[in-house]
Amino acid sequence: MKHTDTGIVVTTWNGDDTLLHYRTDGERGKPCLLLSNSLGTDLSMWDAQAANLASDFYVVRYDTRGHGRSASGSAPFGIERLGLDVVALLDHLEIARAAFCGISMGGLTGQWLAIHQPQRLTHLVLANTAARIGAADAWLARAEQVRRDGMDTVADGAAARWFTPAFIAREAATVARMIATLRGQDAEGYAACCAALAQADLRAQAATITVPTLLIAGEHDPVTTVDDARWLQQQVAGAQLAQVPASHLSNVEAAQAFTARLRAFVSPPAG
Ligand SMILES: O=C(O)CC1=CCC(=O)O1
């Protein structure tokens with residue numbers, strides 16, 4: 001029997017209701033693993049992980065606010081809002097605690113949760129992320145660019161930010177599908193997330209994280225580097241670091257290695 005479901009959660013903030021789209025794979029009674037996507041992608045970026053892990057986990061993924069089939073909301077927001085959206089989703093599904101895996105922007109959401117809502121997390125997996133990603137002025141410029149000129153302006157250069165040249169040559173169909181998703185994102189939702197990234201700086205609080213943490217870095221990632229992951233490893237007591245042969249979207253480019261690391265880290269001890 002196939003255990004797949006999709007739904008909508010209403011998340012409310014300052015009287016503003018926003019609808020977020022989510023999907024679950026696997027049996028409700030299994031340990032929950034929650035997956036959070038990167039800027040410009042949607043929950044389908046986790047297809048390989050969900051296909052592998054749904055036999056042993058209740059895999060919950062969602063489109064981050066402003067992405068995919070999730071609305072953006074009517075007011076500007078920061079990383080706190082992205083974290084509280086996850087809390088609303090867990091509450092909606094009546095899940096007390098989950099393992100959380102987020103990539104890039106999703107990794108910032110995970111750090112915020114581990115800092116402010118650690119009681120909701122059993123494990124924290126931070127992939128291709130940093131406590132501060134990029135520079136505020138660059139994010140604000142990108143937000144302005146997409147608001148003015150639309151998504152094509154960021155979609156055209158995205159493959160080179162996300163994947164290695166070898167992967168782009170070898171997996172052209174996968175790359176084309178993900179770029180088409182990016183091109184189809186709502187420009188205002190994407191821009192609002194760029195503005196959230198401009199503000200997000202968790203460097204001063206990273207050392208307060210006590211949730212068991214695994215960092216996954218892409219060996220060839222030019223956006224959030226192996227050094228960014230090493231910095232986080234030094235801050236978070238006991239954090240493990242795994243490197244996979246990939247660029248920024250390492251769960252897509254090195255799906256097998258990524259999933260193996262994720263599975264090993266979040267699996268309950270045998271016996
Ligand atoms: O610029 C990109 O598309 C890469 C990226 C930065 C933050 C994120 O989530 O993705």
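Atoms within a ligand are numbered from 1 in the order they appear, just like the ligands themselves.
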Show every donor-acceptor pair shorter than 3.5 Å between a side-chain atom in residues 204-218 and any protein atom, with sequence neighbours excluded, or say none if there are none.
{"from": "Thr208", "atom 1": "OG1", "to": "Gln205", "atom 2": "O", "distance (Å)": "2.6"}
{"from": "Thr213", "atom 1": "OG1", "to": "Val211", "atom 2": "O", "distance (Å)": "2.7"}

Review point. Can we say Asp91 and Arg120 salt-bridge, meaning some charged N sits less than 4.0 Å from an Asp/Glu carboxylate O?
Key: yes
Review point. Judged by modelled atom types alone, do Tyr62 and Ser70 share a side-chain donor-acceptor pair under 3.5 Å?
Key: no
Check your understanding: Judging by distance only, is a nitrogen or oxygen of Val223 under 3.5 angstrom from one on ligand 1?
Key -> no
Check your understanding: What protein heavy atom is closest to atom 3 (O) of ligand 1, reported as residue, atom name and distance in Å?
Key -> Trp162 NE1, 3.0 Å
Review point. Any chance the side chains of Asp42 and Ser44 put a donor and an acceptor closer than 3.5 Å?
Key: yes
Review point. Can you list the atoms of ligand 1 that are under 4.0 Å from a heavy atom of Leu39?
Key: 8 (C), 9 (O), 10 (O)
Review point. Please walk me through it: do His3 and Tyr58 pass ring-ring contact (aromatic ring centres under 6.0 Å, His included)?
Key: CA-CA 9 Å; His3 296 273; Tyr58 182 54; 9.3 Å; no
**Study point:** ligand 1 contact on Arg161 by region, counting heavy-atom pairs under 4.0 Å
**Key:** side chain
Exercise for review: Under 4.0 Å from a heavy atom of Ser104: give me the atoms of ligand 1 that qualify, with their elements.
Suggested key: 5 (C), 6 (C), 7 (C), 8 (C), 9 (O), 10 (O)
Review point. Going hydrophobic residue to hydrophobic residue with side-chain gaps under 4.5 angstrom, can you get from Leu84 over to Val10?
Key: no
Check your understanding: By number and element, which atoms of ligand 1 are closer than 4.0 Å to a non-hydrogen atom of Arg142?
Key -> 1 (O), 2 (C), 3 (O)
Revision key, fill the gap. Numbered in order shown, the ligand 1 atoms found under 4.0 Å of a heavy atom of Ser38 are 9 (O)
Practice item. Could you list the atoms of ligand 1 found under 4.0 angstrom from a heavy atom of Trp139? Key: 6 (C), 7 (C)
Practice item. Taking only heavy atoms of Met105 into account, list the atoms of ligand 1 that are under 4.0 Å away from them. Key: 8 (C), 9 (O)
**Study point:** Residues Asp156, Arg183; criterion salt bridge (Lys or Arg N to Asp or Glu O under 4.0 Å); working and verdict
**Key:** CA-CA 9 Å; Asp156 290 342; Arg183 223 177 272 286; 3.1 Å; yes
